[in-house]
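Let me begin by presenting the structure, written as structure tokens, before commenting on it.
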Amino acid sequence: MTGPILEVRHLSKSFGANVVLRDIDFTVRPGDVTTIIGPSGSGKSTLLRCINLLETPTSGEVVFHGDNVAARGVNPTVYRSKVGMVFQSFNLFNNMTVLDNCTVGQRKVLKREAEAARQNAMQYLEQVGMAPYINARPRQLSGGQKQRVAIARALAMDPEVLLFDEPTSALDPEMVGEVLTVMQDLARRGMTMLVVTHEMAFAREVSNHVVFMADGVIAEEGAPAQLFDAPQNPRTREFLSRFRGA
Amino acid sequence: MDKLIQLGSDMARLWAAHSPKYLLGVRNTLILAIAATVIGCLIGFLCGVLNTIPYTRQDPLPKRFALKLVRVLVRAYVEVFRGTPMMLQAVFIYYGLPYFTDGAVAFKGISGIWVASLLVVSINTGAYMAESVRGGIISIDPGQTEGAKAIGMNHVQTMTAVILPQALRNIMPQIGNNLIINIKDTSVMFIIGFIEFFAQHRNIVGVNNMFFPSASIEMIGYLTMTLTASFLLRWAEKRMDGDANFELVQEDALTLSAGTYSHPDRGTPFDEHSREYTGGKGDN
Ligand SMILES: Nc1ncnc2c1ncn2[C@@H]1O[C@H](COP(=O)(O)OP(=O)(O)O)[C@@H](O)[C@H]1O
Ligand SMILES: [Mg+2]
């Protein structure tokens with residue numbers, strides 16, 4: 001299987017009369033680390049949520065290994081279990097320990113045995129440095145720790161691609177690093193990732209493809225070096241200038 | 001003071017003569033109140049869940065219609081049972097069933113009275129709990145539902161594993177209220193002949209006219225039951241909250257430090273672990 005994992009084709013989304021995404025097209029291949037940047041309100045979150053079918057696209061296709069999962073009548077749960085999502089606000093299950101957060105999906109959705117689920121969860125919790133905290137509850141963790149658990153929870157489902165929606169935006173500045181380190185480590189291990197972020201250093205150094213969105217369209221995309229050093233679109237230039245010297 | 005001593009001895013006499021009756025009343029009151037609260041909570045949870053099944057405009061018409069209908073029915077149920085006296089409902093159901101079936105089906109004998117009482121108190125509690133549960137469910141932040149959806153959990157799995165346990169915790173105070181209300185208000189079931197604690201008072205004073213001493217015994221009895229209930233519920237709430245602290249499971253020192261870069265002076269993660277594993281020697 002060397003074909004693309006995900007293809008977004010002519011995807012549009014409106015909320016009532018408000019057109020948020022217009023004719024979005026792009027492809028995610030195995031091992032790709034794609035970052036999506038762009039001003040607030042440009043539709044980045046909506047795009048990720050459409051890809052994960054948390055929102056129903058108004059038109060267009062989300063093609064996963066050749067099948068349009070956005071078609072009417074397709075049950076999204078199996079597909080969602082193969083596409084992990086990490087949210088800005090962590091969205092951990094507050095009634096469960098760290099370990100249970102990482103096993104509940106494996107048990108209920110993938111029907112894994114308790115012990116197999118536990119071992120798999122432990123492997124990823126170790127990877128994100130949260131193994132010592134398996135008995136803690138989300139309320140007892142710092143933001144950075146919560147986000148690392150959320151990453152382990154997504155990884156424990158053994159997804160083919162991981163979506164990140166501004167995973168560090170809700171964190172205190174001193175905690176951003178620990179989460180980015182984990183993500184960089186994932187990229188190095190070959191995880192396919194689609195990351196909405198305002199961390200330009202991450203976009204430039206870790207991703208191999210950068211998509212710049214503005215007003216619901218892809219205004220420009222390309223390799224990081226090209227997009228950051230020689231942006232073609234004036235809107236890209238204007239957007240990037242805000243990050244210079246910051 | 002004399003009066004109090006008098007009261008004490010009257011109560012002692014009553015208790016000596018009738019304690020099995022009082023205790024039977026206590027037993028029946030507690031069984032009915034606890035069972036009805038449990039069943040009522042189940043009804044409340046069922047209604048609360050049915051009432052919060054999400055639907056969007058994209059869903060097929062039959063599904064939307066069915067969900068709308070369910071909401072209307074639950075609403076009607078809540079309004080009817082919250083809006084009429086429980087004593088009247090008991091009479092209504094107890095005599096209504098034989099009336100409509102020409103006596104073919106009726107609540108016969110002691111067990112019939114139990115069934116009717118349990119039914120009435122349960123559906124009453126359910127009507128109150130339905131609203132509490134709905135509130136409990138919508139108070140859980142939608143982010144957790146999305147987190148569950150994002151790992152492929154369906155609505156039922158999300159509800160049972162994530163939302164309802166938290167909703168249950170949030171509405172424990174209301175469940176406690178309902179239990180205490182039920183301990184007291186099951187007394188109206190005397191109207192259909194249910195033998196609970198207060199009914200026994202009526203039976204006993206009917207013979208000996210010792211109204212006040214018996215009422216005093218009842219006061220003490222009810223307070224003992226309700227205070228015990230409140231105490232147990234508080235304890236249950238504490239248990240549900242879990243430990244305030246957690247144990248670090250530390251297999252080795254490296255696991256603990258791996259990935260924890262919460263020190264700004266170490267710079268960005270992109271300039272790597274340089275000082276991480278030198279055991280601090282580099283610093284002095
Ligand atoms: N559920 C919704 N209903 C209505 N409008 C929405 C909804 N979600 C997002 N929007 C609108 O879509 C636009 C894009 O939002 P979003 O995708 O969150 O942007 P970004 O993540 O790039 O900041 C915004 O104008 C926002 O108001
Ligand atoms: Mg956003």
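Throughout, a chain's letter reflects where its sequence line sits, starting with A, and its residues are numbered from 1. The shown structure was predicted, so the numbers you read here are calculated from the model rather than taken from an experiment.
The greatest number of non-hydrogen atom pairs below 4.5 Å with chain B, out of A:Lys108, A:Arg137, A:Met85, is found for A:Lys108. Chosen from A:Arg153, A:Gln140, A:Lys82, A:Met157, the residue pairing most often with chain B at heavy-atom distances under 4.5 Å is A:Gln140.
With a threshold of 4.5 angstrom between heavy atoms, A:Leu92 approaches chain B through N, CA, C or O but not through any side-chain atom. Looking at A:Val83, only its backbone comes within 4.5 Å of chain B, counting heavy atoms on both sides. Residue contact with chain B, scored on non-hydrogen atoms closer than 4.5 Å, involves the backbone and the side chain of A:Asn135 alike. For a residue to count as touching a neighbouring chain, one of its non-hydrogen atoms must lie under 4.5 Å from one of that chain's; by this rule A:Phe93 touches chain B with backbone and side chain alike.
Under the 3.5 Å distance criterion, with hydrogens and angles disregarded, no donor-acceptor pair is assigned to the side chains of B:Glu196 and B:Thr186. Residues A:Asn91 and B:Gln144 bring no donor and acceptor atom of their side chains to less than 3.5 Å of each other. For A:Ser45 and A:Asp165, the side-chain atoms include at least one donor-acceptor pair closer than 3.5 Å.
We find that B:Glu146 and A:Arg49 are joined by a salt bridge, their nearest charged nitrogen and carboxylate oxygen being less than 4.0 Å apart.
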_Candidate pair B:Glu131 and B:Arg134, rule salt bridge (charged side-chain N to carboxylate O under 4.0 Å, His left out), full reasoning_ = CA-CA 5 Å; B:Glu131 283 297 290; B:Arg134 197 174 69 87; 3.8 Å; yes
